[in-house]
Trainee: 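This is the structure, below, for whatever I ask next.
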Amino acid sequence: MKDFDYIIIGGGCAGLSLAYELEISDKLKNKSLAIIEPRDQYKRDKTWSFWKVFPHNFDDCVKKSWDNFSINIPNDTKFIDCKLTPYQSIDSGKFYDKILSKLKLNENIKFFKNINDIELSNSIIFNSVPNYENKANNLWQHFCGVEIETEKDFFDDQIFNLMDFACDQKNEVHFFYTLPFSKKSALVETTWISNLSNENIKDYDNQIDQYLKNHLNIRNYKINFKEEGSIPLFRNKNLKKLNEIYIGSAGDMTRLSTGYTFLNIQEHSKYIAENIENISKAKLFKIKKKYDLLDNIFLKVLRNNSSDMGEIFFKMFNSSPKTAINFLSNKSNFLEDLEIILKMPKWKFLKELF
């Protein structure tokens, strides 16, 4: 079996982002890379969205960008400007095409479907495949979204709805999320924050259909795309192995309070590329510890006060848009953190400190 200098386990968002960063940084001219990915073909399967708080490599893969968004609870709605940090949605199909067309030009990069086809002992391994066995009772953000097309102009494609809590919560945290790509098309998603063992909240198709009909008053539509997923809102304790580095969600690149991962992956990939010659000894790249601390308190509040979470998320945006977005994108300074904390219901949060 052939040896490789580097091996990436998992050719999804994290694995391909790292491979692409290594390639465009000229780190693979004299090095070999194996990517282990079992899928037979790449096609659009996900939507990654985020506020653009710093530049990234994939502006040409952005399906749509918005400068305004809304968030609503049953009796109130906020309209928020985000021109300084537009909200972007990446088309995974374009993302895959861009990266794969670049990687195939380098003969030092090879794809394999099975890890048993290559030798591992002499390589630096980047592992993006997490082990979530027996974790169903942990807290997850799980969702189902459909991209619909209407017969007539319906959507205002200049503003997206980040969270609509005016829906049945079923003693969990539940909201809808709408990204209008044009006046006739939008991604509409039902999102839950709960464990994965409650089957009563997984009738996603019915939830979306009822929301479209009863809340958005859309009765005639065509579904062009559908995705389902679940994002861990907890840290997985990975066994440390010599010459193996975890990336993506497996490498703790998911923000626990939001599920946002894409930009953290890009930042991590750049860090690895910059330090690749000495990566085994380089400091481990992490989201700042303060965010895990604050998020763990937040998630404790969520578990114990699920019916209040719409109000709590809503209050977060009583601060300035820049402050809230920086905080949710883990780019906030101390004063911005303090501003967010002061908007929260003090007693509920203080109880979870002890």
Side-chain angles (χ1 to χ4, degrees), residues 8-24 35-66 86-105 109 111 113 126-130 132 140-149 157 160 162 176-182 185-191 204 208 222-232 247-251 253-255 258-270 329:
I8 294 174
I9 301 176
C13 181
L16 290 184
S17 293
L18 176 56
Y20 185 79
E21 189 67 49
L22 291 171
E23 175 63 13
I24 65 173
I35 301 173
I36 313 301
E37 174 52 51
R39 76 182 82 186
D40 292 321
Q41 62 175 333
Y42 280 90
K43 58 183 179 179
R44 181 188 175 195
D45 57 355
K46 290 180 173 64
T47 303
W48 301 303
S49 302
F50 48 85
W51 283 283
K52 188 182 179 183
V53 292
F54 60 82
H56 57 81
N57 294 323
F58 302 103
D59 277 322
D60 53 348
C61 302
V62 172
K63 186 177 178 70
K64 178 73 176 177
S65 184
W66 298 267
Y87 195 78
Q88 296 184 324
S89 185
I90 296 280
D91 183 315
S92 63
K94 292 181 179 179
F95 172 89
Y96 297 143
D97 288 344
K98 171 177 176 154
I99 293 178
L100 294 173
S101 63
K102 181 70 173 177
L103 298 184
K104 74 178 182 181
L105 300 176
I109 303 173
F111 278 79
K113 288 189 176 182
F126 301 97
N127 191 347
S128 69
V129 180
Y132 291 135
W140 296 76
Q141 183 183 118
H142 54 106
F143 59 89
C144 176
V146 295
E147 184 177 331
I148 65 164
E149 182 180 341
D157 59 355
F160 74 96
L162 180 68
F176 283 86
Y177 170 63
T178 302
L179 299 178
F181 297 127
S182 71
S185 68
L187 178 72
V188 180
E189 185 176 284
T190 179
T191 302
Y204 302 130
I208 293 171
K222 178 175 69 171
I223 296 176
N224 292 328
F225 170 74
K226 180 180 178 180
E227 63 176 306
E228 287 189 29
S230 52
I231 301 169
I247 60 176
S249 287
M253 288 300 106
T254 295
R255 179 68 188 275
T258 64
Y260 287 128
T261 310
F262 185 86
L263 279 189
N264 299 326
I265 285 173
Q266 306 316 313
E267 209 165 11
H268 193 192
S269 297
K270 187 174 289 293
S329 305

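Numbers here simply count residues along the sequence, with the first being 1. FYI, side chains are in, hydrogens and waters are out, and symmetry mates aren't considered; it's all heavy atoms of this structure.
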Trainee: What are the two closest heavy atoms between Thr178 and Phe160, and how far apart are they?
Mentor: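 For Thr178 versus Phe160, the nearest heavy atoms are O-CB, 3.4 Å.
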Trainee: Whether the side chain of Tyr42 engages the backbone of Gly11 through a donor-acceptor N/O pair (distance < 3.5 Å, no angle test) should be reported.
Mentor: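 The answer is yes, because a donor-acceptor pair under 3.5 Å joins these two groups.
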Trainee: Search all heavy atoms of Phe262 against all heavy atoms of Cys13 and return the closest pair with its distance.
Mentor: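 Phe262 and Cys13 have their closest heavy atoms at CD1-SG, 3.6 Å.
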Trainee: Please report the interatomic distance OG1(Thr47) to OH(Tyr177), rounded to the nearest 0.5 Å.
Mentor: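 These two atoms lie 8.0 Å from each other.
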Trainee: Using the test side chain to side chain donor-acceptor pair (under 3.5 Å), find all partners of Lys226 that sit at least two apart in sequence or belong to another chain.
Mentor: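 Partners of Lys226 under the side chain to side chain donor-acceptor pair (under 3.5 Å) test: Asp205.
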Trainee: Determine whether Asp91 and Phe225 make a side-chain contact, defined as any pair of heavy atoms from C-beta on separated by less than 4.5 Å.
Mentor: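 No, every pair of side-chain atoms sits at 4.5 Å or beyond.
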Trainee: Assess Lys63 against Phe181: is NZ or CZ under 6.0 Å from the centre of the six-membered ring, and within 45 degrees of the ring's axis?
Mentor: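 The answer is yes, since Lys63 meets both limits relative to Phe181.
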Trainee: Please round to the nearest 0.5 Å and tell me the distance separating atom CD1 of Ile8 and atom CG of Leu22.
Mentor: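 So the CD1 of Ile8 and the CG of Leu22 are separated by 6.0 Å.
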Trainee: Quick check: does any side chain N or O of Trp66 sit under 3.5 Å from a backbone N or O of Leu179, one acting as donor and the other as acceptor?
Mentor: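 No: the side chain of Trp66 does not pair with the backbone of Leu179.
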Trainee: For atom NZ of Lys102, decide whether the heavy atoms of other residues, nucleotides or ligands shown that lie under 6.0 angstrom number more than 12.
Mentor: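 Counting other residues, nucleotides and ligands, NZ of Lys102 stays at 12 neighbours or fewer.
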Trainee: For Arg39, check side chain to side chain donor-acceptor pair (under 3.5 Å) against everything at least two apart and list the hits.
Mentor: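 For Arg39, the residues satisfying side chain to side chain donor-acceptor pair (under 3.5 Å) (neighbours in sequence not counted) are Glu37, Asp45.
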Trainee: So Leu105 and Glu23, side-chain contact (heavy atoms from CB on, under 4.5 Å) or not? Walk me through it.
Mentor: CA-CA 10 Å; Leu105 300 176; Glu23 175 63 13; 5.7 Å; no
Trainee: Among Val129, Ile265, Thr261, exactly one meets side-chain contact (heavy atoms from CB on, under 4.5 Å) together with Ser249. Which residue is that?
Mentor: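 It is Thr261, the one option of Val129, Ile265, Thr261 that forms the side-chain contact (heavy atoms from CB on, under 4.5 Å) with Ser249.
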Trainee: Please report the closest heavy-atom contact between Ser65 and Pro86, naming both atoms and the distance.
Mentor: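 The answer is OG-CB, 3.4 Å.
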Trainee: Any side-chain heavy atom of His268 within less than 4.5 Å of one from Leu18?
Mentor: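 They are not in side-chain contact.
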Trainee: For Glu21 and Asn57, does a side-chain donor sit closer than 3.5 Å to a side-chain acceptor?
Mentor: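 The criterion, which ignores hydrogens and geometry beyond distance, is satisfied for Asn57 and Glu21.
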Trainee: Answer whether the closest heavy-atom distance between the side chains of Thr254 and Asn264 falls below 4.5 Å.
Mentor: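 When only atoms from C-beta onward are counted, Asn264 and Thr254 do not touch, as no gap falls below 4.5 Å.
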Trainee: Does any N or O in the side chain of Ser128 come within less than 3.5 Å of the main-chain N or O of Phe126, such that one atom is a donor and the other an acceptor?
Mentor: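 Flag not set: sc Ser128 to bb Phe126 has no pair under 3.5 Å.
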Trainee: Give the intermediate values and the outcome of salt bridge (charged side-chain N to carboxylate O under 4.0 Å, His left out) for residues Glu149 and Lys222.
Mentor: CA-CA 5 Å; Glu149 182 180 341; Lys222 178 175 69 171; 3.7 Å; yes
Trainee: Measure the CG-CD distance between Leu263 and Glu267 for me, rounded to the nearest 0.5 Å.
Mentor: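 Between Leu263 CG and Glu267 CD, I get 8.0 Å after rounding to 0.5 Å.
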Trainee: How many angstroms lie between NZ in Lys104 and CD1 in Ile109, if you round to the nearest 0.5 Å?
Mentor: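 Result: 12.5 Å between the selected atoms.
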Trainee: Is the NZ atom of Lys270 crowded by more than 12 outside heavy atoms at less than 6.0 Å?
Mentor: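 Not more than 12 within 6.0 Å, no.
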Trainee: Any sub-3.5 Å donor-acceptor pair from Gln141's side-chain atoms to Thr258's backbone N or O?
Mentor: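 Checking the backbone N and O of Thr258 against the side chain of Gln141, a donor-acceptor pair under 3.5 Å is found.
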Trainee: Do Phe50 and Ser329 have side-chain heavy atoms sitting under 4.5 Å apart?
Mentor: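 With C-beta onward as the side chain, the pair stays apart.
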Trainee: Nearest 0.5 Å, what's the CD1-CD1 distance between Ile148 and Ile208?
Mentor: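 So the gap between those two atoms works out to 9.5 Å.
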Trainee: Do the two ring centres, one from Phe58 and one from Trp48, sit under 6.0 Å apart?
Mentor: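 Phe58 vs Trp48: aromatic centres not under 6.0 Å.
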Trainee: Check Pro55 against Lys52 and note the closest heavy-atom contact, atom names and distance.
Mentor: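 Shortest heavy-atom contact: CA-CE, 4.0 Å.
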Trainee: Kindly indicate, with the supporting measurements, whether the criterion side-chain contact (heavy atoms from CB on, under 4.5 Å) is fulfilled by Tyr96 and Lys43.
Mentor: CA-CA 7 Å; Tyr96 297 143; Lys43 58 183 179 179; over 6 Å; no
Trainee: Knowing that exactly one of Arg44, Lys64, Lys46 qualifies, which makes a salt bridge (charged side-chain N to carboxylate O under 4.0 Å, His left out) with Glu147?
Mentor: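 By the salt bridge (charged side-chain N to carboxylate O under 4.0 Å, His left out) criterion, Glu147 pairs with just one of Arg44, Lys64, Lys46: Arg44.
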Trainee: Roughly how far, to the nearest 0.5 Å, is the CD1 atom of Ile247 from the CG atom of Asn127?
Mentor: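 Atom-to-atom, Asn127:CG and Ile247:CD1 are 7.5 Å apart.
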Trainee: Which is it for Phe95 and Ser17 under the side-chain contact (heavy atoms from CB on, under 4.5 Å) test, yes or no, and what are the steps along the way?
Mentor: CA-CA 9 Å; Phe95 172 89; Ser17 293; 3.4 Å; yes
Trainee: Please test Tyr132 against Ser230 for side-chain contact (heavy atoms from CB on, under 4.5 Å), starting from the C-alpha separation and ending with a verdict.
Mentor: CA-CA 11 Å; Tyr132 291 135; Ser230 52; over 6 Å; no
